[in-house]
Amino acid sequence: MSNALAVVNCAQVVTLAGPPRPRIAAELSELEIIEDGAMLVRGGQVEKVGSRREIESLVDKDTEVVDAERRIILPGFVDAHAHPVFAGTRANEFEERASGSTYQEIAARGGGIQSTVRATREATKSGYGLTVEDELKILLAIRRLNDETPLNFVPTFLGAQDVPPEYRSRRDQYVSLLIEEMIPRVAQEKLAEYCDVFCEEKVFTSDESWKILSAARCHGLGLRMHADQLSLSGGAKLAAELNTVTADHLEHTDAGGIAALKSARVQPVLLPGSVYALGSSRYPAAREMIEAGLAVVLATDFNPGSSPTPSMLMILSLASTHMRMSPAESITAATINAAYSLNRGGAIGSLEAGKRADFVIHDCADYRELAYFFGIEHPWRVYAEGRLILTRNQSATDERR
Ligand SMILES: [Zn+2]
């Protein structure tokens with residue numbers, strides 16, 4: 001049998017094995033770690049995870065063997081909320097914020113999301129669009145990323161991220177454009193699996209969000225929502241009412257909102273990177289959400305304005321330092337729970353037989369180091385579907401071994 005790969009001599013194989021559903025409450029802490037473990041991969045899938053001796057007994061002359069040299073191995077992180085397609089940066093606005101301007105003041109001057117919209121519309125590549133053609137261009141760019149890179153992207157339509165300036169005085173026409181043109185085309189051309197709305201007093205009101213997401217549901221799209229990010233605007237409650245798959249951000253969600261999410265089994269997607277980068281201290285109430293039994297997810301919110309980081313490790317650090325989530329809870333939220341929020345829980349997010357062999361060998365001896373060190377990246381080898389896609393040979397912590 002060819003095509004087999006065995007990773008052996010791992011200080012820890014962090015499997016995240018468990019029930020086939022999102023993890024809640026105390027389950028978030030159960031990483032199912034195999035000390036001195038190993039893993040056998042065949043045909044791009046995990047075939048077996050077990051002790052080193054167990055896996056080595058299955059190695060034949062055709063098996064490629066990777067010695068992890070006492071490092072740790074985890075499923076690849078699943079980033080369930082990111083805006084990876086845009087043109088230009090907003091480093092200039094970052095400088096203004098550093099000198100005291102707020103995000104809202106910059107937006108009022110035509111900066112913020114609008115400056116990325118302008119840059120993206122002008123670019124030959126795509127990004128934040130807010131017109132039919134520009135939004136389709138973004139989703140086509142995501143489709144190309146799927147085709148041309150070893151990573152997997154789950155596309156979400158976010159034409160309702162802001163009202164473009166040309167519609168400011170006639171916003172209901174933009175809502176109609178979303179409902180009557182954009183959403184039907186996105187669905188018909190199968191360009192997205194989900195539809196998302198930025199529900200916020202000054203962006204899309206609860207009423208508008210309800211209309212947009214109801215239309216998306218009629219066209220067969222799953223629902224997600226940017227909710228309660230800048231104020232308590234009823235976003236979490238609306239998400240529960242609409243039974244969305246996720247409610248994202250939730251920095252201002254109160255106990256009533258948390259209870260509503262719980263009863264509708266909506267997964268909260270928490271994005272501490274944007275709280276940090278906006279210089280705010282208003283982090284979402286992760287502890288209360290975990291205690292209420294919500295299947296919490298962590299993601300980067302990678303975007304050029306409020307969260308310019310693609311680093312899941314930075315997010316783990318913030319979750320532990322500012323949201324009182326333990327490293328184990330953070331890892332569960334960033335892998336298996338995130339996978340379920342994208343309807344991929346059966347395929348990724350844990351290292352179990354039959355799942356896609358997306359995994360990372362991190363240059364650490366203990367999983368807690370992932371959240372403990374910050375400002376450095378630990379990946380030593382990154383694999384997607386059993387194929388090596390990134391190697392790093394020299395690392396700051398090599399000396400420990
Ligand atoms: Zn976002």
Side-chain angles (χ1 to χ4, degrees), residues 77-90 93-94 103-104 106-107 111-117 120 126-130 135 138-139 141-142 153-164 178 192-204 209 212-213 216 221-231 233 235-236 238-239 244-253 266-280 282-284 286 296-312 314-315 318-319 323 333-334 338 341-342:
F77 288 118
V78 179
D79 190 354
H81 182 136
H83 307 255
V85 182
F86 55 82
T89 73
R90 303 225 293 265
E93 295 177 8
F94 178 73
Y103 193 69
Q104 284 92 332
I106 291 167
I113 291 170
Q114 292 305 329
S115 64
T116 299
V117 169
T120 302
S126 80
Y128 288 30
L130 310 184
E135 283 300 323
I138 291 168
L139 293 170
I142 291 174
F153 292 80
V154 179
T156 292
F157 172 62
L158 186 55
Q161 189 182 16
D162 204 355
V163 178
L178 283 163
E193 293 181 31
Y194 294 93
C195 179
D196 191 340
V197 172
F198 193 176
C199 175
E200 188 75 42
E201 212 46 64
K202 292 200 174 74
V203 191
F204 289 95
S209 302
I212 296 162
L213 290 176
L221 295 171
L223 309 183
R224 314 178 88 82
M225 193 195 288
H226 283 66
D228 297 337
Q229 179 185 4
L230 305 171
S231 62
S233 53
L238 180 64
T244 59
V245 176
T246 66
D248 303 33
H249 278 290
L250 306 177
E251 284 86 333
H252 289 81
T253 302
V266 177
Q267 279 192 267
V269 180
L270 308 182
L271 309 166
S274 63
V275 181
Y276 169 80
L278 291 175
S280 162
R282 182 77 184 232
Y283 286 86
V296 170
V297 176
L298 283 170
T300 64
D301 194 18
F302 176 52
N303 77 74
S306 59
S307 190
T309 180
S311 169
M312 291 297 281
M314 180 68 193
I315 301 306
L318 290 172
M323 289 153 61
S341 84
L342 294 167

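Basis for what follows: all heavy atoms, side chains included, without hydrogens, waters or symmetry-related copies. Atoms within each ligand, like the ligands themselves, are counted from 1 in listed order. From a predicted model like this one, the values you see are computed outputs, not experimental measurements. Throughout, numbering of the chain's residues begins at 1 and tracks the sequence.
With the Zn ion (ligand 1) as the vertex, NE2 of H81 and NE2 of H226 span 90° to the nearest 10°.
Taking 2.8 Å as the threshold, D248 does not count as a candidate ligand of the Zn ion (ligand 1), since none of its N, O or S atoms lies below it.
In this structure a side-chain-to-backbone donor-acceptor pair under 3.5 Å is missing from E201 to S231. For the pair H252 (side chain) and Q229 (backbone), a donor-acceptor distance under 3.5 Å is present. Between the side chain of Q161 and the backbone N or O of V203 there is no donor-acceptor pair closer than 3.5 Å.
For the Zn ion (ligand 1), the nearest N, O or S atom contributed by D301 is named OD1.
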For L298 and M323, what are the C-alpha separation, side-chain angles and deciding distance, and is it a side chain to side chain contact (heavy atoms under 4.5 Å, CB included)?
CA-CA 11 Å; L298 283 170; M323 289 153 61; 4.0 Å; yes

